[in-house]
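To start, the structure under review is shown below, and the notes come after it.
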Amino acid sequence: MRFNEKELVSLSRQPAERAAELGMRGPKKGDVVKKRLVKLVVNFLFYFRTDEEEPIGALLLEQCRVEREDSQTFSIAFLDEAERKYLFECDSEEQCGEWVDAIIKASYEFMRKNLIFYRTEIHRLTGKDPLEQYGISDETRFQKAVGAVRTLTPTSSPLSSPSKHGDRFIPSRAGANWSVNFHRINEIEKSHNQNRKTKDGTQQTATKPGLISPLSPPLPLADGLAYSALLKNELLGAGIEKVQDPQSEDRRLQPSTPAKRSLFSYSVSTKRALPEEDGNTVSPYSLSPVSSNSQKLLLRSPRKPTRKISKIPFKVLDAPELQDDFYLNLVDWSSLNVLSVGLGTCVYLWSACTSQVTRLCDLSVEGDSVTSVGWSERGNLVAVGTHKGYVQIWDAAAGKKLSVLEGHTARVGALAWNADQLSSGSRDRVILQRDIRAPPLQSERRLQGHRQEVCGLKWSTDHQLLASGGNDNKLLVWNHSSVLPVQQYTEHLAAVKAIAWSPHQHGLLASGGGTADRCIRFWNTLTGQPLQCTDTGSQVCNLAWSKHTNELVSTHGYSQNQILVWKYPSLTQVAKLTGHSYRVLYLAMSPDGEAIVTGAGDETLRFWNVFSKMRSTKVLFSPFLPCIYVRSLSRLWAESVSVLNLFTRIR
């Protein structure tokens, strides 16, 4: 099987169900056990070299057998090559059991078995197919290639007649009104859930059999009406120019004499092409594939409703001793879905998957306190800046301190990772850039350009430029080759802590100023020119761009303590969120880019759903069924083989 390399690399960066460094031995003779970072994402088992960001291979958990070889070792073998085994060595017997259970539950066969079971149970209890409203109720999609699976009994079609059988059906050709009878199809095929009223009217759906992929989400009811009206215009010359609401549409489509009319009867239509409003017929030279009435219909069809953002956080956590200090950065969210928070002298880790809290370190024995935290891009290392000017590197999974970096003479308030390079900004006005794999003095670069404390640091998405903000109201941009800033922006009137590089537009940088400035400014770092500026009315503490849409979120302090979501480049406010009673000094985004967490001096962490994925990778079939990735579902329902590009060492 061949796979698309970019898709798999992207999938490998998604939040993992499990991730750890394990000993791994390949199936070839002569292979030795090597240390590998192993990540379980959906039904793929990715493995990495411990010093690289991209996977060197992956195992697709399909038609495979997982067995424990001994108390701390398990193996994976595939049915077509049972003699070839991949061996994995764990640190403990408990860890080995957890990995075996997780891999079995992530396998293709386990997911399919559960899906069929839930669907059968729901049908048995309710008498309804839970997948029917999604246009994927074809029973054959759930049958195994070998062996039979009990299928649900389909309901008979309302259009079929139980009293008529035969190999041909010749409809009556008596005169009939095709226009009226065509409308009656809507009454027969109308789904029962279309009659239910929702609060905002956006959850009603209509399906069009034969035109929607089995994996496509249901169409909104308004779109279904527009599509139906378009067909009537083009096929029947109905002359509809405006889509009516569902209530009036139902009344208009009811035939005046429904009795004794056969849907399949036929008569010659005398209707001719409708003239335009000015009395002229449609020009034969028109380039439009549809009539003028249909063009007006499409222009007047309902637009996509505006996205609604909940004004209430979906989770609130207590964070005692969370400092109310504008110049610190005490919250960060890793790519492995773990939140790190600096509280007083300790750093705590909170798993978004399990909600477990662990204490990573306590600096009280050293007479020190935490002033900044920052995760590495791979999510396995966390850097901790301290009040005394040290930077500690910790292995989060092992809870072990790997190294201590010296060089600063005052507190370290800002940290930024770039692969294995770590940049740190301090109150001593210096930015130190070091490679954690090399001796500190050998790889150290000192960047001096600020005249006061460095409180903001961010690397660009292409890892080529570093932006720094300071209490001297300056925004500086650095590159790899110079120890002097390549660009300086001095338009801000207060400290610059909020910095964010756009992931959608190369070279676009956003920055926010403190209490005396209150502005968010945008810069083109390719030309060095300022772009736009908006006055927010309060201190700008943090900025973050959405990973999926051209929007950004800002958090604010004096005097409104609010969270704002902006659309770029129009700079219109999408949402305003309130709840913190102190300055919203800390901000981090979830690895999937949908949620953010904010922290404030009121000693709370609040989680908000502010961004949405434009191309969602999950489909939820019913309240009883789990979310499963579309990549797996395409195998579950279609039993087809994906035709993708080659990926290194993958089954």
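None of the values given here were measured: they were computed from a predicted structure.
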Taking all non-hydrogen atoms of both residues, which atom of G507 and which atom of T525 are closest, and how far apart? O-OG1, 2.7 Å
Which atom of H408 lies closest to which atom of G389, heavy atoms considered: CB-O, 3.3 Å
Which word best sums up how the rings of W350 and F607 line up, parallel for under 30°, tilted for 30 to 60°, or perpendicular for over 60°? tilted
ring-ring contact (aromatic ring centres under 6.0 Å, His included): pairs with one or both residues in residues 373-404, sequence neighbours excluded: none
Measure the shortest side-chain to side-chain distance between E366 and Q392 over non-hydrogen atoms and say whether it is less than 4.5 angstrom. yes
So, for A410 and S426, which heavy atoms are closest and what is the spacing to 0.1 Å? O-OG, 3.1 Å
Considering all heavy atoms of both residues, which atom of N609 and which atom of A595 are nearest to each other, and what is their separation? OD1-CB, 3.7 Å
Will you find, in the side chains of H580 and N561, an N or O donor that is under 3.5 Å from an N or O acceptor? no
Proximity of F88 and W99 rings by center, below 6.0 Å: no
Within a reach of under 6.0 Å around CG of D462, are more than 12 heavy atoms found that belong to other residues, nucleotides or ligands? yes
Check whether any side-chain heavy atom of Y489 lies under 4.5 Å from a side-chain heavy atom of V477, and answer yes or no. yes
Donor-acceptor contact present, side-chain S335 to main-chain E377, <3.5 Å: yes
Step through the shown structure and confirm whether more than 12 heavy atoms of other residues, nucleotides or ligands are within 6.0 Å of CD on Q464. yes
Check V331, L415, L457, L328 against S372 for a side chain to side chain contact (heavy atoms under 4.5 Å, CB included) and give me the one that passes. L415
Between L476 and G449 the two heavy atoms that sit nearest each other are CD1-C, 3.7 Å
How would you list, by chain and number, every residue that makes a salt bridge (charged side-chain N to carboxylate O under 4.0 Å, His left out) with D602, sequence neighbours excluded? none
Strictly by modelled atom types, are R411 and S369 linked by a side-chain donor-acceptor pair under 3.5 Å? no
Distance-only side-chain donor-acceptor flag, H492 / N473, under 3.5 Å: no
Relative to the ring of W545, is the ring of F522 parallel (under 30°), tilted (30 to 60°) or perpendicular (over 60°)? perpendicular
Once the angle between the rings of F48 and F46 is folded into 0 to 90°, is it parallel (under 30°), tilted (30 to 60°) or perpendicular (over 60°)? tilted
Do H450 and D472 have side-chain N/O donor and acceptor atoms under 3.5 Å apart? yes
